[in-house]
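Quick caveat: nothing in here was measured; it's all calculated off a predicted structure. We're numbering straight along the sequence, starting at 1.
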Amino acid sequence: MNLFNHFKTITLTNDQKNALEQFYAFLQSEKRVFILQGYAGSGKTTLLKGIVEYFQSLEQIYQLMAPTGRAAKVINQKTGFPSTTIHKGIYSFDELQEIERGEEKNDVSFLYQYKMRNNPDAHDSILIIDEASMVSDSLSEGEFFRFGSGHLLKDLINYGRIQDPATTSKIVFIGDPAQLPPVGMSFSPALDPAYLKQHYQLEVLTAEMKEVKRQDANNGILLAATKMRQCLTSGFFNDFDLKTNKKDIFNPLYEDYLQSYKSQTGQKIIICYKNKTALDLNKAIRKDKFQGELPIQPSDTVIVGGNNYRLGIMNGEFAVVSGAKSSVETREIRFKTKGGNIESVKLTWRLIQLVLPDDNGQPKNVSGYILENYLYGDNYLKPEEQRALYVDFKTRYPKLRKGTEEFKEAISNDEYFNCIHLKYGYAVTCHKAQGGEWESAFVFWDRGVNSDFNFYESEQSRTGKSNADFYRWAYTATTRASKNLFCINPPYFSSFSNMSFIDVNVQREFNKLIGVNTETVEIDLNDEVMGELKRFDLLEAPLSLQDHFISHWYLLKKQYIDIIEWERVGYEIRYVFKRDDQTAAFKYWVNGKNEFKLNFQKLPSKTNSDVLFKFISNILENSNTIINRSTNEGVLNKIKFEVDLEENKPFLKNLFDEITLYLNFNEFISNVIHLDYRERYTIEYGSSVCVIDFEYNKEGFFGRVLPLESKCNDLDLLEKIKIIVNKLKQADYAI
């Protein structure tokens with residue numbers, strides 16, 4: 001059966017169609033890895049469901065896995081197909097192997113390793129890894145027991161045997177590259193073809209889906225997430241807006257968030273950046289729930305903070321406490337440090353019972369001791385606490401010798417040493433929430449703020465937020481909500497905040513003040529211009545280089561000055577100009593994006609007239625040109641904005657949307673011309689016409705708004721545009 005037959009009842013986006021075509025080609029090829037990158041709302045899960053159905057129709061052996069238990073359950077709920085964690089899928093819990101030993105009596109640097117399973121179907125199977133942005137390839141340290149090599153991606157590749165030419169097995173990585181990378185890494189290696197090629201010599205086929213499905217086009221959460229994603233992929237971090245739309249995005253006040261949280265009856269989560277914020281919020285929620293500051297109680301929601309191999313519960317799984325002993329066990333552990341000092345650590349355990357969903361969504365009961373040091377401490381055990389756990393075990397089993405089978409058996413089954421690491425699960429950090437989805441998510445915007453930030457009265461600033469790390473965190477947090485997103489004191493900033501409408505008479509007087517008497521020169525791309533570009537082999541050059549050349553040629557030809565040489569040498573652009581027997585040579589510099597620096601320099605070896613050099617310099621320094629690349633490819637108010645431009649400069653689409661929103665039904669944008677660092681809008685109302693330039697800088701922030709005096713015939717319409725500009729500028733925003 002054809003792959004596309006499994007999507008007959010679905011209207012696919014163009015991105016989904018292209019991804020399926022690429023995937024089908026991958027299945028027929030000898031390539032071993034396929035990466036499907038899909039952003040929020042692009043329909044990754046829809047494709048995954050159809051692909052699994054296709055495999056089943058072919059009786060193709062496959063394994064569907066995800067990095068966390070929560071993510072595996074989400075896949076199961078959305079597709080209806082069984083899914084497990086990667087750890088349960090590729091590692092064996094049946095056998096422990098000691099792989100490292102410390103030298104000192106109480107050293108805990110040894111590790112016990114859970115070995116990788118033998119994959120009996122590796123010769124012809126397909127591993128499907130969802131939420132692959134979370135798959136790490138850095139060493140997982142700080143545990144007494146570890147899985148395999150400690151490098152999850154490496155073990156996945158070895159388990160699948162996709163580097164073995166004797167097999168035909170493959171791996172499919174599905175994930176969202178805009179989400180947070182694995183802890184301890186700055187990128188997601190499983191979604192990086194270059195990394196897989198360099199480190200594992202794997203040839204990769206990829207597909208990317210950006211287009212939001214039509215049925216989700218009015219989803220405020222997805223629209224906000226898409227704008228964040230566009231900022232990430234474009235590199236312009238100049239717009240951030242999560243103000244309430246009173247539909248699916250809400251902004252409760254800090255003093256009201258608890259009531260809003262309690263009123264949500266479905267699945268819900270609170271997300272923040274700082275561990276301290278999570279600790280404080282959990283404390284406040286529990287105090288309200290139990291009418292006091294009580295120890296852990298039945299009905300408490302908790303999250304597992306570390307893999308517990310003895311009980312089969314994994315880091316990131318959520319559970320509900322079904323029972324908790326009222327008393328605790330506390331022991332004071334004393335031991336010598338390497339410096340000879342005596343360290344004293346108090347460890348406190350409490351016996352509890354948990355209920356959590358298994359791989360099939362059915363309730364699973366586990367019981368064991370939790371370590372309250374971890375519950376009320378940091379998100380990790382301190383080195384002295386790890387040492388104390390080991391010393392306590394050794395004290396209770398004085399006759400066991402490290403390295404023996406008896407020692408290994410005892411330490412792997414000891415309920416105190418293998419105590420459960422739990423945190424309260426009402427409020428969690430974004431990394432802990434990643435891979436999960438809740439009907440309602442409450443996000444506290446404590447990333448990029450000072451340590452003394454007060455949600456009651458502190459105002460957000462843009463400092464620390466105009467960068468990829470903040471946007472990636474915000475995107476991940478925002479997309480945890482499937483129905484309702486509650487943002488408590490979110491930042492707001494806009495590319496419009498520095499806008500300044502300059503009236504025509506003000507422009508005229510300012511030019512007089514600075515001694516500029518020439519108007520901006522507009523240059524159309526006619527046959528003569530194209531001929532000059534062709535003569536210097538610039539037809540395929542970057543537009544910034546073309547426009548620079550055209551401006552020089554046009555301004556100087558009026559003075560009977562010709563360009564006789566043009567060349568690029570590295571990051572230098574060199575011109576040689578000639579009039580009669582006089583020559584003057586100029587050197588400019590560009591950066592890696594082909595953007596020109598303002599300064600230039602004389603090339604003495606090809607200049608025989610300083611007079612000509614000064615004359616040309618004066619013309620170029622006191623002239624302003626605009627290259628009209630198109631006068632008929634504008635954007636009508638009923639025509640879709642250019643997709644490529646929206647992706648590369650999303651703030652330009654925001655300007656278009658906002659102006660359109662403020663115009664009355666009989667006022668419309670009839671044309672938009674995209675010029676160098678400015679947008680030229682033609683706005684019409686009946687016979688009234690105004691042409692306005694919106695200037696912006698290289699960071700994507702708008703500045704001067706300049707009406708073109710000769711192209712505006714209605715002062716009332718011009719005043720309306722001025723009011724719109726002031727509304728855009730005066731919206732609440734972080735500074």
Side-chain angles (χ1 to χ4, degrees), residues 224 227-228 230-231 234-243 459-463 465-466 471 490-511 513-514 516 520 624 626 634-635 637 641-642 645-646 648-664 667-685 688-709 711-712 714-735:
K227 288 188 175 184
M228 292 179 205
Q230 288 173 334
C231 288
S234 69
F236 289 101
F237 306 109
N238 53 357
D239 277 295
F240 195 86
D241 184 1
L242 282 170
K243 295 194 299 294
E459 292 185 3
Q460 296 274 7
S461 70
R462 201 167 68 225
T463 303
K465 301 177 183 69
S466 297
Y471 272 75
Y492 174 85
F493 47 93
S494 163
S495 56
F496 311 136
S497 58
N498 296 322
M499 268 185 173
S500 178
F501 190 95
I502 309 296
D503 288 305
V504 171
N505 59 334
V506 175
Q507 294 181 52
R508 195 183 305 121
E509 294 302 318
F510 181 75
N511 287 338
L513 178 67
I514 62 175
V516 175
T520 298
N624 186 28
I626 292 176
V635 182
N637 61 331
F641 204 80
E642 294 97 321
L645 186 63
E646 182 180 353
N648 294 329
K649 295 181 178 179
F651 58 93
L652 299 186
K653 177 61 161 54
N654 290 344
L655 176 67
F656 180 81
D657 289 342
E658 292 293 335
I659 292 177
T660 302
L661 181 66
Y662 281 115
L663 291 175
N664 294 329
E667 301 165 342
F668 64 97
I669 301 168
S670 64
N671 195 25
V672 176
I673 301 174
H674 311 297
L675 304 171
D676 191 23
Y677 290 107
R678 70 177 66 197
E679 294 284 273
R680 174 160 296 177
Y681 275 63
T682 301
I683 298 175
E684 298 186 28
Y685 167 50
S688 300
V689 178
C690 282
V691 180
I692 313 288
D693 279 355
F694 294 85
E695 296 182 340
Y696 59 89
N697 62 18
K698 62 182 180 180
E699 284 81 30
F701 288 95
F702 289 97
R704 298 192 306 171
V705 180
L706 305 171
L708 275 63
E709 182 176 10
K711 296 184 179 183
C712 295
D714 189 314
L715 292 179
D716 289 337
L717 181 58
L718 191 60
E719 183 65 22
K720 171 68 179 288
I721 297 167
K722 182 177 181 179
I723 292 171
I724 291 174
V725 168
N726 286 331
K727 285 181 178 178
L728 295 179
K729 174 183 172 60
Q730 291 171 5
D732 292 334
Y733 61 87
I735 58 176

* Asked: If you look at every heavy atom in Lys243 and Tyr492, which pair is closest and at what distance?
  -> NZ-CE1, 2.8 Å

* Asked: How long is the gap from CD on Gln230 to NZ on Lys649, to the nearest 0.5 Å?
  -> 14.5 Å

* Asked: So, do Val689 and Lys711 sit near enough that their side-chain heavy atoms are less than 4.5 Å apart?
  -> no

* To do: Would you mind reporting whether Lys729 and Phe702 have side-chain heavy atoms less than 4.5 Å apart?
  => no

* Measure the shortest side-chain to side-chain distance between Lys698 and Tyr677 over non-hydrogen atoms and say whether it is less than 4.5 angstrom. => yes

* Asked: What distance do Phe236 atom CZ and Leu652 atom CG have between them, rounded to the nearest 0.5 Å?
  -> 8.0 Å

* Asked: Hey, does Tyr662 have a side-chain heavy atom less than 4.5 Å from the side chain of Ile723?
  -> no

* Asked: Does Asn664 have any side chain to side chain contact (heavy atoms under 4.5 Å, CB included) partners at least two apart in sequence or in another chain, and if so, which?
  -> Asn666, Glu667, Lys720

* Asked: Between Ser497 and Phe701, what is the shortest heavy-atom contact and its length?
  -> OG-CD2, 4.5 Å

* Might you point out which heavy atoms bring Pro650 and Ser234 nearest each other, and give the distance in Å? => CD-OG, 3.4 Å

* Asked: Is there a side-chain contact (heavy atoms from CB on, under 4.5 Å) between Ile721 and Cys690 once you walk through the steps?
  -> CA-CA 9 Å; Ile721 297 167; Cys690 282; 3.8 Å; yes

* Grab the two heavy atoms, one from Ile692 and one from Phe694, that are nearest each other, plus how far apart they are. => CG2-CE1, 3.8 Å

* Asked: Can a donor-acceptor pair be found between the side chains of Lys465 and Gln460 at a distance below 3.5 Å?
  -> yes

* Using the side-chain contact (heavy atoms from CB on, under 4.5 Å) rule, take Phe237 and Glu699 through it: C-alpha gap first, then chi angles, then the decisive distance, then the call. => CA-CA 8 Å; Phe237 306 109; Glu699 284 81 30; over 6 Å; no

* Distance from Glu658 atom CD to Leu663 atom CG, nearest 0.5 Å? -> 11.5 Å

* Structure fact -> Taken to the nearest 0.5 Å, the spacing of Phe651 CZ from Ser494 OG works out to 11.5 Å

* Do Asp693 and Ile626 come within less than 4.5 Å of each other through their side chains, counting heavy atoms only? -> yes

* Structure fact -> Here the pair of heavy atoms bringing Leu675 nearest to Tyr696 is O-OH, 4.0 Å

* Minimum heavy-atom distance between Leu718 and Pro707, given as atom pair plus value -> CD1-CB, 3.7 Å

* So do Tyr681 and Leu655 actually touch side chain to side chain, heavy atoms under 4.5 Å? -> yes

* Out of curiosity, Glu679 CD to Leu645 CG, how far, rounded to the nearest 0.5 Å? -> 6.5 Å

* To the nearest 0.5 Å, tell me how far Leu717 CG sits from Ile683 CD1. => 6.5 Å

* Quick one: side chain to side chain contact (heavy atoms under 4.5 Å, CB included) partners of Ser500, sequence neighbours excluded? -> Ile502

* Asked: How about Ser466 and Phe493: do any of their side-chain heavy atoms sit closer than 4.5 Å?
  -> yes

* Asked: Under the side chain to side chain contact (heavy atoms under 4.5 Å, CB included) test, which residues partner Asn654, sequence neighbours left out?
  -> Lys227, Asp239, Phe496

